[in-house]
Colleague: 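Take this structure first; my questions come after.
A, B, ... follow the sequence lines: proteins, then strands. Residue 1 opens every chain. Quick note: numbers below take in every heavy atom, side chains included, and nothing from hydrogens, waters or symmetry partners.
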Protein chains: 2
Amino acid sequence: MAATEKITIMDIARRTGLSKGTVDRVLHNRGEVSKKSYAKVMEAIQELGYEPNVFASLLAKGGKRLIAVLIPAHENGSFWELAASGIDKAAASVTTVGVDIVHFEYDQYDIDSFRKVAGKMLEARPSGVVLAPMFQGETESLTEELTQRGIPYCFIDSKPDTNGYLAYFGMPLYKSGYLCADQLTGGRDVPSVLIIRVRRDRFSQSDPTVNRRAGFLDYMMENYPECRIDNVFIDPNAPEETEAALSTYFQTHPDVHHVVMFNSRIHLAVPYLQAHPDPQRRVVGFDNLKANMDALRNGTVSVLIGQRPDEQVNLAIQTLAEYAILGKLPPRKDHFMHMDILTSYNVEDY
Amino acid sequence: MAATEKITIMDIARRTGLSKGTVDRVLHNRGEVSKKSYAKVMEAIQELGYEPNVFASLLAKGGKRLIAVLIPAHENGSFWELAASGIDKAAASVTTVGVDIVHFEYDQYDIDSFRKVAGKMLEARPSGVVLAPMFQGETESLTEELTQRGIPYCFIDSKPDTNGYLAYFGMPLYKSGYLCADQLTGGRDVPSVLIIRVRRDRFSQSDPTVNRRAGFLDYMMENYPECRIDNVFIDPNAPEETEAALSTYFQTHPDVHHVVMFNSRIHLAVPYLQAHPDPQRRVVGFDNLKANMDALRNGTVSVLIGQRPDEQVNLAIQTLAEYAILGKLPPRKDHFMHMDILTSYNVEDY
DNA sequence: ATACTTTCCGTTACCGTACACGGAATTCAA
DNA sequence: TTGAATTCCGTGTACGGTAACGGAAAGTAT
């Protein structure tokens with residue numbers, strides 16, 4: 001095995017009768033080479049099957065590359081905290097190969113903070129950027145800027161309808177609504193379902209939950225068209241109000257045993273649900289936040305659908321690093337991650 | 001960021017008034033250094049926080065490292081085929097950093113073939129080995145040999161009660177039986193369950209299914225002690241016999257709607273089950289073999305519990321590579337992988 | 001033909017580490 | 001004290017590639 005002696009830049013220099021300087025110039029096509037020499041070198045590269053020695057290259061180039069991660073600030077116990085945790089994991093494995101990671105955070109409810117932070121990020125002159133698209137327009141102008149500067153970028157979580165990105169890692173949203181419905185109903189007819197929703201402000205943010213809800217409703221429509229579907233809106237910043245809203249609802253609808261929420265905030269409903277147990281109840285939510293997993297353990301939540309946000313950023317970073325260091329393109333652009341079904345019996349090793 | 005100029009071997013040479021040769025000697029402690037010099041160098045390394053440049057080191061060392069993977073031969077559509085597929089994935093990412101992978105296969109029912117192949121493997125002088133322990137005694141003597149030669153090794157799938165391995169990647173077996181029971185019953189009382197088992201030959205192989213069965217039975221005992229549990233044995237090499245066995249069983253037990261199998265062969269039961277549908281039936285099996293996933297899609301199997309064998313070997317290889325190249329130890333030895341719950345609604349992106 | 005550009009290309013000095021080699025310093029025996 | 005054996009250490013080169021520098025060859029204008 002590994003019979004073929006590694007052939008070097010010098011080999012093709014000798015083969016073509018040129019010097020390694022010239023060979024290097026065509027390899028990085030930085031001009032100053034005649035067409036004839038260029039062709040000869042290319043041919044020799046082809047025939048000898050030359051592959052550059054990464055180590056030598058990196059050593060000679062010197063310095064460190066930088067990858068920037070631009071995601072919403074992670075308040076404690078939020079979805080983005082999970083994503084942020086993937087940064088450290090990735091950092092550990094790429095720093096040893098000369099890549100540093102900088103983490104930029106912005107307020108996901110403040111478009112100005114996004115602008116500012118994006119600007120700072122650009123100043124750092126990264127060789128790659130990991131992005132979670134929140135504000136449509138701003139994301140677009142940022143990616144344009146990146147393209148101009150020749151900086152590759154990856155999307156995580158969700159992605160806009162553009163095309164210039166290097167790769168995308170996320171969950172198939174519509175399908176996740178389907179899966180969610182199946183887990184909630186257990187494949188059996190269900191008379192009624194309560195959807196708990198969060199009141200959004202008018203920012204035109206990308207909202208993953210609309211696709212999920214669409215998938216969910218389609219599943220219900222197709223399988224249990226008779227099922228009544230109620231909606232209750234809550235305010236994430238007013239726990240008492242949430243409690244009141246749920247209380248009011250369940251007083252008038254004691255017959256509803258199926259509860260679902262399409263964002264990562266099912267934990268907001270847990271205090272009420274736990275205080276008012278219902279043996280027939282089934283609750284499904286999304287994302288493996290600490291609070292959600294605790295609710296899974298204590299039985300308040302039946303199933304959680306997870307998407308490994310940490311893996312998403314980890315993969316995005318790896319992909320960017322490989323591209324920045326080795327120039328290696330990922331096998332495909334879009335990576336739809338597996339949707340993990342979490343129950344109290346398999347949370348522990350998650 | 002990244003302010004500190006990278007300090008090199010020369011820096012500590014200057015700092016100590018010694019030469020880089022001496023510094024190098026203490027770094028690789030290959031002797032021929034006086035105690036005094038040794039101490040001085042160590043101190044300087046400490047103070048300056050010297051970290052070797054991996055690229056330069058690898059470049060200077062030259063040559064390729066080799067990682068061997070030693071797992072049972074993968075007949076088409078078998079569990080080990082899944083594992084083998086992880087090899088290519090890993091290979092792609094490590095060859096670029098100068099690591100080659102050799103794949104050794106043996107007949108998992110023939111201990112002699114294991115001996116032979118293990119011998120061949122050693123001859124290849126790998127810098128790391130990925131092992132799936134099948135034959136207890138043989139595994140032990142192999143690992144001893146590896147330890148003597150200073151070759152690190154990782155276990156996947158299952159692991160013996162030894163301690164010299166670098167890392168282990170596998171599923172928590174006992175727990176997976178628990179999870180399996182919960183998915184089978186759906187958390188509701190069930191009057192009776194059929195376990196389909198494969199008759200084993202007398203080889204003292206490590207058998208993951210015994211732990212799974214134990215977990216399963218404990219769950220049933222704890223939750224539904226009244227449940228009757230039947231066993232039917234089949235022969236993987238005689239499909240007609242399997243069909244006959246199931247047919248006989250279900251003729252006398254038409255009331256049994258819950259079927260489970262603890263190894264990856266649930267697909268063996270699929271022909272019968274599919275030919276004799278039962279709307280109330282629930283079937284749970286293990287591992288994402290192509291045939292199993294197809295059964296999931298067509299509704300014959302309700303749930304599959306997956307453990308990503310490809311990821312297991314991939315991670316094992318990565319770990320070994322990092323250790324062999326960078327000398328980096330994994331953060332912990334035992335990696336219990338998440339148990340994936342697969343249904344027809346989330347198979348596609350698996 | 002001369003001077004002046006361009007276009008090409010070879011030379012050379014690194015990058016940071018590994019390791020062989022040979023020599024200086026020290027120790028030991030006689 | 002001298003020679004040999006040890007112990008310790010510095011020098012030099014290789015590893016494969018990058019990129020600045022400067023000069024030769026070819027082309028252009030006068």
Colleague: Assuming nearest nucleotide by heavy-atom distance, tell me which of B:Ala56 and B:Glu32 is located more 5' along DNA chain C.
Modeller: B:Ala56
Colleague: Hey, does the Lys NZ or Arg CZ of A:Lys333 hover above the aromatic six-ring of A:Tyr165, less than 6.0 Å from the centre and inside 45° of the axis?
Modeller: yes
Colleague: Counting side-chain heavy atoms from C-beta on, which of D:dG17, C:dT17, D:dG10 comes nearest to B:Leu18?
Modeller: D:dG10
Colleague: B:His338 vs A:Tyr350 aromatic rings, parallel, tilted or perpendicular, using cut-offs 30° and 60°?
Modeller: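 B:His338 and A:Tyr350: perpendicular rings.
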Colleague: Checking A:Tyr153 against A:Phe155 for the ring pair (Phe, Tyr, Trp, His ring centres under 6.0 Å) test, could you report, in this order, the C-alpha distance in whole Å, the side-chain angles of both residues, the deciding distance, and whether it holds?
Modeller: CA-CA 7 Å; A:Tyr153 55 93; A:Phe155 286 120; 5.7 Å; yes
Colleague: Just compare C:dA18, C:dC9, D:dG17 and give me whichever is closest to any side-chain atom of B:Asp24.
Modeller: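 Per side-chain heavy atoms of B:Asp24, the pick is C:dA18.
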Colleague: How are the rings of A:Phe114 and A:Phe135 set relative to one another: parallel (under 30°), tilted (30 to 60°) or perpendicular (over 60°)?
Modeller: perpendicular
Colleague: Answer with base, sugar-phosphate or nothing: what part of the nucleic acid does A:Gly62 contact at a heavy-atom distance below 4.0 Å?
Modeller: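 No contact.
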Colleague: Can you identify which nucleotide, out of C:dA18, D:dC15, D:dG17, has its nearest atom closest to the B:Lys61 side chain?
Modeller: C:dA18
Colleague: Starting at the 5' end of DNA chain D, which residue's closest nucleotide do you reach first, A:Lys20 or B:Lys35?
Modeller: B:Lys35
Colleague: What is the distance from NZ of B:Lys6 to C1' of C:dC15, rounded to the nearest Å?
Modeller: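 That distance rounds to 14 Å.
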Colleague: Quick one: label A:Gly17 by what it contacts on the DNA or RNA (base, sugar-phosphate, nothing), any heavy atom closer than 4.0 Å.
Modeller: sugar-phosphate
Colleague: OP1 or OP2 of D:dT18 versus the side-chain N and O atoms of A:Ser57: is any pair under 4.0 Å?
Modeller: yes
Colleague: Strictly below 4.0 Å: does A:His28 bring a side-chain N or O up to OP1 or OP2 of D:dT18?
Modeller: yes
Colleague: Does D:dG16 have OP1 or OP2 under 4.0 Å away from a side-chain N or O of A:Thr8?
Modeller: no
Colleague: For the helix from C:dA1-D:dT30 to C:dA30-D:dT1, how many degrees between its two end axes (five pairs per end), to the nearest 10°?
Modeller: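 Comparing the first five pairs with the last five, the axes sit 50° apart.
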Colleague: Tell me whether the OP1 or OP2 atom of D:dG10 has a side-chain N or O from B:Thr22 closer than 4.0 Å.
Modeller: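 Indeed, a polar side-chain atom of B:Thr22 lies that close.
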Colleague: Give a yes-or-no answer on whether the side chains of B:Ser93 and B:Gln318 include a donor-acceptor pair shorter than 3.5 Å.
Modeller: yes
Colleague: Just how far, in rounded Å, is C1' of C:dT17 from CD1 of B:Ile45?
Modeller: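 Going from B:Ile45 (CD1) to C:dT17 (C1'), I get 13 Å.
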Colleague: Please give me the minimum heavy-atom distance between A:Asp100 and A:Lys64, naming the atom from each residue.
Modeller: OD2-CD, 3.3 Å
Colleague: What's the closest nucleotide to the side chain of A:Ser37 if the choices are C:dC9, D:dG10, C:dG16?
Modeller: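 Closest nucleotide among those given: C:dC9.
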Colleague: Would you indicate, yes or no, if D:dC9 has its OP1 or OP2 atom less than 4.0 angstrom from a side-chain nitrogen or oxygen of B:Tyr38?
Modeller: no
Colleague: What is the separation between atom CD1 on B:Ile9 and atom C1' on C:dG16, rounded to the nearest whole Å?
Modeller: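 Distance, rounded to whole Å: 8 Å.
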Colleague: Taking atom CZ of B:Arg125 as the centre, does the number of heavy atoms from other residues, nucleotides or ligands within less than 6.0 Å exceed 12?
Modeller: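 Counting neighbours around CZ of B:Arg125, 12 or fewer heavy atoms of other residues, nucleotides or ligands fall under 6.0 Å, so no.
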